Amino acid sequence: MFSNKFIQQRIEKADILREAGINPYSNQSKRNTTIEKFLNVNADIEQKEDKRDATRLYIVSGRIKFLRIMGKASFVKIEDESGMLQLYVARDNLAEGFYNTIFKKNIEVGDIIEVHGYPFVTGQGELSLHADDLKILTKAISPLPEKFHGITDKEVRYRKRYLDLIMNTEVRKTFQTRSRVISLTRRFFEDKGFLEVETPMMHPIAGGANAKPFVTHHNALDVDRYLRIAPELYLKRLIVGGFEAVFEINRNFRNEGMDATHNPEFTSIEFYWAYKTYKDLIEITKEYFQYLFEHLKLPTLLPYGELKVNFNNFQEIPLIESLTIIGGVPADIVNNKAKIIAYLKEKNLDVNEKMNLGQLQGELFDEFVEEKLIDPTFITEYPVEISPLARRSDTNPEITERFELFIAGREIANAFSELNDPLDQLERFEGQMAAKDCGDDEAHEMDSDFVEALSYGMAPTAGQGIGIDRLVMLLTNEHSIRDVLLFPAMKPLNGETCEEAAQEEE
RNA sequence: GUCCUGUUAGCUCAGCUGGUAGAGCACGUCACUUUUAAUGAUGUGGCCGAUGGUUCGAAUCCAUCACAGGACACCA
């Protein structure tokens, strides 16, 4: 494993350190400040007459990123989580012999060291640490990538995220923002009186969305379980049980393709709010974005790639109207199945003629409207056929009290007034079963336990899901979901699939 | 799933219409006590993604495969 010449060389150096009585993996750290604090606290050194204060003693630690040995003195840049600091290491300030035999020969870029010293400003004007003692904490036996170009190969960056984080420190910012978004989301809903809950990740029936699940097996019970594709049906059971505002932030799993906006496991928040409707959700969503932008100190005119997204310009438009107004689809066809099919064909698009009107309207939306929705837009009033869990509109039973929020051409949230009529829900599930029989293998599963729960009465409720990964992409100006996931899903490197392995065993 | 592009030293990359494999960084040795990707000298380092084929000869041409990136398709 460690046959590489450079690694062998470094292992030898670690051995030399051991022979000199130095532990190359010491855990006796005495660090008493972070680099950021050191730089802030000592910013006044610049003003002092001799640009130094030998009475201020600090112990800092970090990984060596740059090493400039200039004979009897060296400049070293070390980095900790908070920042980068230059050290001035001179032979005569260290213990006798240490500089020549230990420091110059056996300590190198990539190693993690601890340094004692005082602040001073160099001739070039950089606040630095004047080292009077130095020890190694951790020997790195693999060399770091090239110091200037770093590591640019996306594959290596995803597979070895730790190297990416070492070499491309701006990547840390993305994940710090991600952490902030999740933390702020939690606080926002807690402050509104929502209760955070945890529902099962292993479901007997994969429900709450239309997607293919991952299957696993419970040995003791000898039953298959599905990794959840959505927590929706469990959260609504809690509303039946009397909780009036609940949310869950966690992973969903969908056994589908991977691309710039899809990872097989992804994070979402779902929240359910009794005695509210989807109209209330539109309001709380606007408030939520305002809250995020305030606390993340983001400009409301947010750049996203080539786009500028105006978060002061929330729009709201029913789906059917969006087809004509935004999508440019002629108004006389949007409610006619045959005309839609003809229109799609005319535009050279694949059409499944088995689709019902609602599904076809959804197709039109996906083709002609979605990518044009740049500023945040609530598309409302979805056809009932493509909304199996949403409440029908009281004025038009063909549409539901539902919206999806689109930003920068992507769906960010999905929300509706919940269907709480158990008989209607049963009928919708049956409709989905029929669709499944017609070959729609992503149609919703029948969940009679859930229907039974509804039969005890679920207060009128509105619920919403927000894709956290896509939201973070938007807020960090990243264009691949892999750049907002610390460890995105990757194909195995040996290239052997299960099928091939099974064949070999035979 | 389809198409396009890529895969050469630890890293970043050259390598023409086939003719003994190159640079910078890193590393080794030497010089250098205020550098900023430090500098100067010198040296080590390669299964050219894998497997086949064409050829006297393949990093280079062809085929298949693997992985990645991008686009499209599928999918929230």
Side-chain angles (χ1 to χ4, degrees), chain A residues 2-10 12-13 51-52 64-77 84 86-94 99 104-105 108-110 120-126 128 130 140-160 163 166-167 208-212 229-230 252 254-264 266 268 349-350 352 362-363 365-367 370 382 386-387 404-406 410-414 440-442 465-467 469-470 479-483 488 490-497 500:
Chain A
F2 294 124
S3 55
N4 177 279
K5 182 189 115 173
F6 297 104
I7 295 178
Q8 280 303 317
Q9 229 167 48
R10 283 174 168 253
E12 275 167 36
K13 290 184 181 186
K51 298 194 185 253
R52 66 187 56 221
I64 300 176
K65 296 295 281 288
F66 296 95
L67 187 52
R68 294 188 277 275
I69 298 178
M70 306 172 40
K72 298 176 188 66
S74 300
F75 288 93
V76 184
K77 291 221 169 171
M84 180 110 78
Q86 175 168 270
L87 315 171
Y88 176 71
V89 181
R91 184 191 65 183
D92 298 340
N93 300 323
L94 301 177
Y99 182 82
K104 268 170 67 174
K105 295 293 178 188
E108 56 205 316
V109 171
F120 81 115
V121 174
T122 65
Q124 299 295 313
E126 181 167 345
S128 307
H130 198 283
I141 61 168
S142 284
L144 288 182
E146 203 251 5
K147 63 186 169 188
F148 186 59
H149 298 92
I151 181 162
T152 58
D153 185 327
K154 286 206 163 206
E155 178 175 0
V156 179
R157 291 183 47 208
Y158 298 145
R159 286 190 195 276
K160 302 184 182 179
L163 263 189
I166 290 171
M167 299 310 296
N210 299 353
K212 287 178 205 143
I229 56 175
N252 295 325
R254 298 191 182 174
N255 206 341
E256 290 164 353
M258 293 153 58
D259 62 26
T261 56
H262 296 83
N263 195 68
F266 62 98
S268 70
L349 296 163
D350 286 339
N352 178 352
E363 284 291 300
F365 178 82
D366 291 348
E367 288 297 336
E370 180 168 2
Y382 275 67
I386 55 174
S387 312
E404 289 196 355
L405 173 61
F406 292 86
R410 284 206 197 108
E411 181 208 338
I412 295 291
N414 178 19
D440 180 357
D441 58 359
E442 270 144 19
I466 303 173
D469 310 283
R470 291 181 186 178
H479 295 256
S480 169
I481 197 169
R482 294 181 162 195
D483 289 317
M490 300 289 280
K491 282 197 193 178
L493 265 187
N494 61 23
E496 192 176 76
T497 63
E500 287 161 353

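Computed from a prediction, not measured in an experiment: that's the story for all the values here.
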Handout entry: Closest-nucleotide 5' rank along RNA chain B - winner of A/Phe75 and A/Tyr382
Key =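 The 5'-side residue here is A/Phe75.
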Handout entry: First of A/Glu411 and A/Phe120 reached from the 5' end of RNA chain B, by closest nucleotide
Key =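 Residue closer to the 5' terminus by nearest nucleotide: A/Phe120.
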Could you measure between the two [atom1] atoms, the one in [N] and the one in [M], and give it in whole Å?
N	M	atom1	answer
B/rC75	B/rG6	P	31 Å
B/rA14	B/rC72	C1'	33 Å
B/rC25	B/rA66	P	39 Å
B/rG18	B/rC27	P	39 Å
B/rU44	B/rA23	C1'	16 Å
B/rC13	B/rU7	C1'	13 Å
B/rG24	B/rA63	C1'	36 Å
B/rG28	B/rA71	C1'	47 Å

Exercise for the section: Report yes if some heavy atom in the side chain of A/Lys104 is under 4.5 Å from a heavy atom in the side chain of A/Arg91; otherwise report no. Expected result: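 With C-beta onward as the side chain, the pair stays apart.
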Find the distance [X]:[atom1] to [N]:[atom2] and express it as a whole number of Å.
X	N	atom1	atom2	value
A/Ile229	B/rC75	CD1	C1'	12 Å
A/Lys65	B/rC11	NZ	C1'	14 Å
A/Ile69	B/rA37	CD1	C1'	16 Å
A/Arg157	B/rG6	CZ	P	21 Å
A/His479	B/rA71	NE2	P	11 Å
A/Lys77	B/rA37	NZ	P	8 Å

[X] side-chain proximity, nearest of [options]:
X	options	result
A/Glu155	B/rG69, B/rA68, B/rC74	B/rA68
A/His149	B/rU35, B/rC75, B/rU12	B/rU12
A/Arg159	B/rA38, B/rC67, B/rU12	B/rC67
A/Phe66	B/rU34, B/rU12, B/rA37	B/rA37
A/Ala90	B/rU36, B/rU33, B/rU34	B/rU33
A/Asn4	B/rU35, B/rG10, B/rU33	B/rG10
A/Ser480	B/rU36, B/rG70, B/rA73	B/rG70

Identify all pairs in which a protein N or O lies below 3.5 Å from an N or O of nucleotides 25-30 of chain B, and state each distance.
| unit_1 | atom_1 | unit_2 | atom_2 | d |
| --- | --- | --- | --- | --- |
| B/rC25 | O3' | A/Lys147 | NZ | 3.4 |
| B/rC25 | O2' | A/Glu146 | OE2 | 3.4 |
| B/rA26 | OP1 | A/Lys147 | NZ | 2.3 |
| B/rC27 | O2' | A/Gln9 | OE1 | 2.0 |
| B/rC27 | O2' | A/Gln9 | NE2 | 3.1 |
| B/rG28 | OP1 | A/Lys13 | NZ | 2.2 |
| B/rC30 | OP2 | A/Lys105 | NZ | 3.2 |

What nucleic acid atoms does [X] come within less than 4.0 Å of, heavy atoms only: base, sugar-phosphate, or nothing?
X	answer
A/Arg482	sugar-phosphate
A/Arg254	sugar-phosphate
A/Gly465	nothing
A/Asp153	sugar-phosphate
A/Glu256	sugar-phosphate

In the strands shown, is [N] matched to any nucleotide by a Watson-Crick or G-U wobble pair with both distances under 3.5 Å, and which?
N	result
B/rA9	none
B/rG69	B/rC4
B/rU35	none
B/rU29	B/rA41

Do any side-chain nitrogens or oxygens of [X] fall under 4.0 Å of OP1 or OP2 in [N]?
X	N	value
A/Arg68	B/rA37	no
A/Lys491	B/rC67	yes
A/Thr152	B/rU12	yes

Practice task
List in chain and number order the residues that pass side-chain hydrogen bond (donor to acceptor under 3.5 Å, both in side chains) with A/Asp153, two or more places apart in sequence or in another chain; answer none if no residue qualifies.
Solution key: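 Per chain and number, A/Asp153 pairs via side-chain hydrogen bond (donor to acceptor under 3.5 Å, both in side chains) with no residue.
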Practice task
Kindly write out the residues that satisfy side-chain hydrogen bond (donor to acceptor under 3.5 Å, both in side chains) with A/Lys51, not counting sequence neighbours, or none if the list is empty.
Solution key: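 Checked A/Lys51 against side-chain hydrogen bond (donor to acceptor under 3.5 Å, both in side chains); matches are A/Glu46.
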Problem - Atom of A/Gln86, atom of A/Lys77 and distance for their closest heavy-atom approach - result: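 What the structure gives for the nearest pair is OE1-CE, 3.6 Å.
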Exercise for the section: Would you please indicate if the ring centroids of A/Phe66 and A/Phe148 are separated by under 6.0 Å? Expected result: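 No, the ring centres sit 6.0 Å or more apart.
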Practice task
Output all residues satisfying ring-ring contact (aromatic ring centres under 6.0 Å, His included) with A/Tyr158, sequence neighbours left out; order by chain, then residue number.
Solution key: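 Not a single residue meets the ring-ring contact (aromatic ring centres under 6.0 Å, His included) criterion with A/Tyr158.
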Handout entry: By ring-ring contact (aromatic ring centres under 6.0 Å, His included) - contacts of A/Tyr382 (at least two apart)
Key =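 For A/Tyr382 there are no ring-ring contact (aromatic ring centres under 6.0 Å, His included) partners, ignoring immediate neighbours.
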Exercise for the section: Examine the side chains of A/Ser74 and A/Tyr99 and answer whether a donor and an acceptor come within less than 3.5 Å of each other. Expected result: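 A donor-acceptor contact under 3.5 Å links the two side chains.
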Assess whether one donor atom and one acceptor atom, taken from the side chain of [X] and the base of [N], lie less than 3.5 Å apart.
X	N	value
A/Tyr88	B/rU35	no
A/Gln124	B/rU34	no
A/Gln86	B/rU35	yes

Handout entry: For A/Arg10, all residues meeting salt bridge (Lys or Arg N to Asp or Glu O under 4.0 Å), sequence neighbours excluded
Key =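 Testing A/Arg10 for salt bridge (Lys or Arg N to Asp or Glu O under 4.0 Å), a comparison that skips the adjacent residues, returns A/Glu108, A/Asp111.
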Problem - Parallel, tilted or perpendicular, as decided by the 30° and 60° cut-offs, for the rings of A/His130 and A/Phe120 - result: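 Perpendicular: the ring planes of A/Phe120 and A/His130 meet at over 60°.
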